[in-house]
Every structure is written in structure tokens, then in C-alpha cells.
Amino acid sequence: MALNSQSRIELIDSLRGFALLGIFLVNISFFTTSLQTISYGVDLWSGWYNELVLLLRGIVIDGKFVLIFSFLFGFGMVLMRESAQAKGRSFNRIYTRRLTALLLIGLLHGIFIWYGDILTHYALMGFLLMLFQRCKPRTLLIWSLSLLLIVPILVTGASLLSDSASQAFDPVSQADVRQIGVYYQERDAAIYGAGTMTQIIIQRVNDYIGSIFNMLLFYPQILGMFLMGAYFCKRRILHDVQENRKGIIQLLIIGGGIGLVLQLVLSLVKGLPFWGEAAALFVGAPLLALAYIGVFALLYQSNLWKKGLHWFSYPGKMAFTNYLLQSVLCGLIFYSYGLGWYGTIEPVWQMVIVVVIFALQAVFSRVWLKLFPIGPLEYVWRLFTYWGSPLNQGRRGQTQPLHEAK
């Protein structure tokens, strides 16, 4: 039996809130650690508990939840197109305005709040996503798999064909790498943790530019997950979880198993060649992300599990507001214009901070949605999208949040 509209919305909203928590668990490190230090893979913290937290996060969380968000972005595009067609509106005009507003907000976020903004990248890839709006499910699946595999295939091929190419990926010793990472951490701590607002903005802009270039390698993966979400939506896989239960379980067992093994190899095996790391990262993470989606959807069919998982729907309905609010709060915690705790909080306590803030956001979102139909930034975003009263585009607190997966 198919889920009714309200249950379906709750599942997607809850899944979005779940993804928001996972992303926050990763993002907080970028608020208190130099981008260059992270890029070099330098661990700054000692202690078995910190090492365990970072190990588990690397296996289970890093790089997976942003892909769930990407999946939901493509899923939401299909739903929004179907809604526009049903109402006789031009989807292309609506979605173009929507992406343009997202791009502008992302630029402001990246320059003035936090350099690790993802909205800019989603907006840019969203314009490419529009090219696939009329594709059949099979076509979407083929393109999705091709994009998800293109980076590991190219990296593996280049590495195997050229010994000099693989050597070029490891030009310095581990001792030198650590020294470089520590230098950048100390430099950024002096700026973000104790510098003036002008110094912070200048460094943030530099890091924002660097972050954009770093993300270019992941663009095929992001677009690939967009298309996977669109495929799931057009095939109505999450519209009727019970009907598609067998396929979801197969995806969970096979995809999740392979993905977990690849992530264990990436995290535990030392001295992997660059092509091996690329294969584990670009294949393992999407498989685990899809497995998480499957597990969440199956658990949501149980009334017992649904009572707990439903709490994710409140921050999920206000994901745009809560995502940006997380950046503001972390800035106040770690940067000099706030508490200035940059580089001083151990990873284990970073996770505690995330859980506390997210729990408060869940309560805040629930209270807000009892008073208002949608979140404050969701209102602004939809104002740009529809050029009119956003509250006329859907029922109170129900339909539209489903279309606002980011």
C-alpha cells in the first residue's frame, strides 16, 4: 500500500534533518581547523578517544551525509517540476530563479560567514541538473552511475599508466606534511581565533576560493547523486517503501556492504596508492549514503522507530535556516568576534557541541513551525522563487518543505 502524502513528506523531511546532523558533525572541524591542515590530512589531536572519534567519523560519516543532501536535491527537483506542471506554471523560470537565489545566498554565506559553503556548488550543479529534467528513469540511472564512477576510473587509469604520475601525488615526506599542516593551523588560529574582522574576512575569502577549487573534483559526484535522487523520485521508490522493500534491502546489503568495506580500507589501511584512495572514496561513500537512505526509509515504516526519527523532520523542514544558523553559531564559538575557541576544542567535544546545538535546533524548529508555516530563510528563498507570497504555494508546514531539499 502506498504511503499517503503526509507520511511521504515526513519521511523526506526527516531524512533531510538526519543528513543535516551528519553534515554538521563534519563541518564543525572546518570551523576550528585550517583548511590547508585538513587538506594535507594532518591529525592535530592526540589521545585514544580523539583518535577513535575521528576514525569512526571517517568510516561512518565523512562524505556520506552531504551525498544524502545531494540525493534529496535531485529528488526535490523532480517533485517541484511535477508540482509546477500540475499547476500550469513554467518550471524552468521558477527553478532558474530558485537556483539564482541559492547562488547569491551561497556567495554571501561563503564570503561573510563561512568559507565551506555548499550552497554555491549546489546552485551551479543545479543548472546542469535542469538539463536532465525530461530524462526517463533508466537514462537518469545510467548518467548517475557514469558520473559517480568517472573520477575513480580516470584517476586509476592515469596512475596505472604512468609511474611518474603516481609519484607526483606524494612529493613530500610525512614529517614535512605534518610540519606544513601545523604551520597553517597556527597561522589560521592567529587570524580566525585572535584576528580582526578585516583579517578574518580576507582569510575567509582566500579559503573560500581554495575550497571552490577543492570541490571541483567532487562535482561529478554531486551531479551524479542529484541524478540518483531524480531517478528514485521518478521510479517512486521512496513514495512506496513497502512496495519497493525487496529492492531497498538488496541495495542495503550489497551496496552498504561494499561501501563499508571500501571505507574500512580507506580508513585503516596505510600506504594506499592515490588511485586506491580515490576508488575507496568515490565509490564507497555513495554506496554507504544510499544504504543509509534505505535503512532510514525502512525504519520509518515502523511506528516505534518513526516516533524517534520524526524529530528529525522539524530541523529538516527548516534545513536552509538551520544550515546557515549552524555557521553563524560556530562563528560565534570559534572566531575572535565570539568566544575565540579556534583550535582549542578536541574532536570528542566538537561532537558534543554539535549534538547539543542540533538538539536545540530541533526544539527551536518545532516551536517555530507551530507559530509560522515555514522557516524564515525558507520564506526568503521562496519569495525569490515565486515572485509572490510564498505562503500561497503550499499548505501550512506540509507540502513545500519536501521540495526544498538542498
**OP:** Might you work through the ring-ring contact (aromatic ring centres under 6.0 Å, His included) test for F226 and Y122, ending with a clear yes or no?
**Re:** CA-CA 9 Å; F226 281 3; Y122 274 29; 5.3 Å; yes
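- Look at D13 and R16 and you find a salt bridge, because one of the NZ, NE, NH1 or NH2 atoms lies within 4.0 Å of a carboxylate O, short of that distance.
- Within the model, atoms CZ of R204 and CD1 of I111 stand 10.0 Å from one another, a figure rounded to the nearest 0.5 Å.
- With S146 contributing its side chain and I142 its backbone, the two residues share a donor-acceptor pair below 3.5 Å.
- Between F31 and Y192, the ring center distance fails the sub-6.0 Å criterion.
- Between the T120 side chain and the L103 main chain, no donor and acceptor come within less than 3.5 Å of each other.
- Other residues, nucleotides and ligands contribute at most 12 non-hydrogen atoms within 6.0 Å of the CH2 atom of W143.
- The stretch residues 58-68 participates, sequence neighbours left out, in these side-chain hydrogen bond (donor to acceptor under 3.5 Å, both in side chains) pairs: R57-D62, K64-Q263.
- The backbone N or O of S14 sits nowhere less than 3.5 Å from a side-chain atom of Y300 that would complete a donor-acceptor pair.
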Acceptor/donor pairs from residues 339-346 side chains to any protein atom, 3.5 angstrom cut, sequence neighbours excluded:
| from | atom 1 | to | atom 2 | distance (Å) |
| --- | --- | --- | --- | --- |
| Y342 | OH | T33 | O | 3.3 |
| Y342 | OH | S34 | N | 3.1 |
| T344 | OG1 | W341 | O | 2.7 |
| E346 | OE2 | Y49 | OH | 3.3 |
| E346 | OE2 | N50 | ND2 | 3.1 |

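- By the 6.0 Å contact criterion, OH on Y219 is enclosed, its count of non-hydrogen atoms from other residues, nucleotides or ligands being greater than 12.
- Below 30°, between 30° and 60°, or above 60°: for W368 and F372 the angle between ring planes is between 30° and 60°, a tilted geometry.
- For F30, the CZ atom is loosely surrounded, since the number of other residues' heavy atoms within 6.0 Å does not exceed 12.
- Interatomic distance, M80 CE to F73 CZ, rounded to the nearest 0.5 Å: 9.5 Å.
- Distance CG/L44 to CG/L54: 9.5 Å, rounded to 0.5 Å.
- R245 places no side-chain N or O within donor-acceptor distance of the main-chain N or O of L298, the cut-off being under 3.5 Å.
- Side-chain contact annotation: Y184 with S39, donor-acceptor N/O pair under 3.5 Å absent.
- Put simply, the side chain of Q85 never gets that close to the backbone of F91: no donor and acceptor are under 3.5 Å apart.
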Donor-acceptor contacts under 3.5 Å from residues 229-238 side chains, at least two apart:
| from | atom 1 | to | atom 2 | distance (Å) |
| --- | --- | --- | --- | --- |
| Y231 | OH | R235 | NH1 | 2.8 |
| K234 | NZ | Q133 | O | 2.8 |
| K234 | NZ | C135 | O | 2.6 |
| R236 | NH1 | E82 | OE2 | 3.1 |
| R236 | NH1 | C233 | O | 2.7 |
| R236 | NH2 | E82 | OE1 | 3.1 |
| R236 | NH2 | E82 | OE2 | 3.0 |

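- Side chain of S83 to backbone of L79: no donor-acceptor contact under 3.5 angstrom is found.
- For R138, the CZ atom counts as loosely surrounded, since its 6.0 Å shell holds 12 or fewer non-hydrogen atoms of other residues, nucleotides or ligands.
- Ring-centre distance between H109 and Y323: below the 6.0 Å cut-off.
- Between the Q185 side chain and the T32 main chain, a donor and an acceptor come within less than 3.5 Å of each other.
- In the displayed structure, Y337 atom OH is contacted under 6.0 Å by more than 12 heavy atoms of other residues, nucleotides or ligands.
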Original post:
Yes or no on side chain to side chain contact (heavy atoms under 4.5 Å, CB included) for F384 and R97, after CA distance, side-chain angles and deciding distance?
Top reply: CA-CA 6 Å; F384 278 95; R97 290 196 297 264; 5.7 Å; no
**OP:** Please lay out, stage by stage, how F282 and F218 fare under the test side chain to side chain contact (heavy atoms under 4.5 Å, CB included).
**Re:** CA-CA 9 Å; F282 285 93; F218 293 90; 3.7 Å; yes
Subject >> Stepwise ring-ring contact (aromatic ring centres under 6.0 Å, His included) test for Y95 and F127 >> reply: CA-CA 9 Å; Y95 207 64; F127 287 109; 8.3 Å; no
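- Because its NZ or CZ atom is both nearer than 6.0 Å to the ring centre of W381 and within 45° of the ring axis, R98 counts as a cation-pi partner of that residue.
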